Novice: 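Can you read through this structure? Questions will come right after.
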Amino acid sequence: MTTHKLLLLPGDGIGVEIMREVERLIGVLNAKGGENSFEYDSDLVGGAAYDAHKVSITEEAMKKAADADAIIFGAVGGPKWDDVPYEHRPEAGLLRLRKDFDLFANLRPAICYPALAEASSLKRELVEGLDILILRELTGGTYFGEPKEVVTLENGEKRGVDTTVYTTSEIERVIKLGCDLAKKRSNKLHMAAKWNVMKTGVLWRDVTVATHKAYAPDVQLENILADNCAMQLIRNPKQFDVIVTDNLFGDVLSDEAAMMTGSLGMLPSASLGAADPKTGRAKALYEPVHGSAPDIAGQGLANPIAMIASFAMALRYSCDMAAEADAIEAAIAKVLADGLRTADIMQNGLTKVGTEEMGKAIIKEVEAALS
Ligand code: IPM
Ligand code: MG
């Protein structure tokens with residue numbers, strides 16, 4: 001019998017509502033019994049933590065996160081906290097979790113469920129059956145490079161600076177993972193960077209070519225300029241399988257990929273650290289790619305699918321519970337095929353449901369599949 005320790009960090013806005021559906025699902029999995037069970041604790045992060053403690057995440061919550069086998073994260077941010085000091089803004093809590101636990105590999109699978117091909121802003125034939133994986137480097141680059149500041153010049157003008165920094169080893173480890181992931185899929189890897197403009201881009205290309213040659217020469221590798229990649233994603237997304245890219249490009253390209261699946265509300269993610277040499281386990285955080293959607297928060301309208309699918313990724317990557325993860329993913333496909341839709345993916349003639357109804361419908365399918 002294995003007990004998995006989870007820390008739930010719902011955060012702000014719709015994060016709170018969609019996390020309730022994960023709790024419901026955990027309850028059902030625990031009730032089912034079997035070899036695996038979950039123990040979980042919750043804490044505040046983001047604006048909610050700021051309101052209560054004047055920081056975006058407390059040391060106590062960081063300690064709980066360090067002790068957990070997996071961190072399940074909702075969403076952070078909102079206009080309410082636009083004026084809080086930069087270092088305490090809601091997003092800082094998430095960035096600290098990523099950085100402190102060295103969660104360098106962010107897996108963002110964009111899968112277009114057949115039932116949702118119509119909901120995408122692209123034509124059905126372009127997205128139907130789409131299954132791509134964006135692998136975003138998550139702990140380096142423009143997000144964390146120093147200096148990062150706004151300074152006032154002598155003439156009174158202000159100057160904002162962000163710095164993009166990468167080292168060989170930071171690039172190498174994510175490229176290796178990209179090769180590993182490509183091998184398990186259709187053996188195709190694209191690396192997106194701007195080596196025609198950026199020095200970090202030159203390094204990304206050089207390290208990618210060398211790593212690929214030494215580590216996985218059988219993988220079909222193509223280096224692609226990040227702007228061209230953005231264009232090709234819209235033109236013909238199915239030409240891609242795994243796209244590996246830096247932190248900033250990955251942020252942008254993954255939002256773009258998300259829309260191909262019908263809605264930003266559909267895209268889950270896993271952020272993984274390096275595997276512990278002793279246990280083989282990696283520190284991990286799971287979160288939907290979408291944000292806190294303050295405009296619809298608290299109304300029970302949010303799509304819980306990306307959150308539930310992120311939990312499925314936790315079962316797969318942190319808990320060795322592939323059968324349960326498969327059951328959850330199949331349950332999502334089933335309720336969509338049955339015509340259930342939250343507002344963000346609603347289509348004429350189908351059944352509009354809220355967060356809780358969608359969550360319960362998925363959980364009912366999971367229960368049926370596992371009983
Ligand atoms: C994401 C988000 C975050 C990011 C924000 C909330 C800091 O957009 O996970 O893609 O920019 O990385
Ligand atoms: Mg983003």
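One-based numbering, in listed order, for ligands and for the atoms of each. Everything numeric here is computed off the predicted structure, so don't read it as measured data.
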Novice: What residue and atom, counting heavy atoms only, is the protein's closest point to atom 2 (C) of ligand 1, and at what distance?
Specialist: Asp251 OD1, 4.0 Å
Novice: Heavy-atom contacts with Glu91 under 4.0 Å: which atoms of ligand 1 show up? List them by number with element.
Specialist: 6 (C), 7 (C)
Novice: Going by atom types alone, do Ser186 and Asp241 pair a side-chain donor with an acceptor below 3.5 Å?
Specialist: yes
Novice: Which label fits His4 and Phe38: parallel for a plane angle under 30°, tilted from 30 to 60°, or perpendicular past 60°?
Specialist: tilted
Novice: Using a heavy-atom cut-off of under 4.0 Å, does the side chain or the backbone of His290 touch ligand 1, or both, or neither?
Specialist: neither
Novice: If we set the cut-off at 4.0 Å for heavy atoms, which region of Arg98 has an atom near ligand 1: side chain, backbone, both, or neither?
Specialist: side chain
Novice: For atom 11 (O) of ligand 1, what is the closest protein heavy atom, and at what distance to 0.1 Å?
Specialist: Tyr143 OH, 2.5 Å
Novice: For the residue pair His190 and Phe240, does the interplanar ring angle fall in the parallel (under 30°), tilted (30 to 60°) or perpendicular (over 60°) class?
Specialist: perpendicular
Novice: Are any of the N/O atoms in Arg136 less than 3.5 Å from those in ligand 1?
Specialist: yes
Novice: Closer than 4.0 angstrom, basic N to acidic O: yes or no for Glu365 and Lys334?
Specialist: yes
Novice: Starting from atom 1 (C) of ligand 1, what is the nearest protein heavy atom, named by residue and atom, and what distance separates them?
Specialist: Arg108 NH2, 3.4 Å
Novice: Of all the atoms in Asp251, is at least one N, O or S atom closer to the Mg ion (ligand 2) than 2.8 Å?
Specialist: yes
Novice: Okay, side chain of Thr163, backbone of Pro147: is any donor-acceptor separation there less than 3.5 Å?
Specialist: yes
Novice: Please confirm whether Trp204 and Tyr166 have ring centers closer than 6.0 angstrom.
Specialist: yes
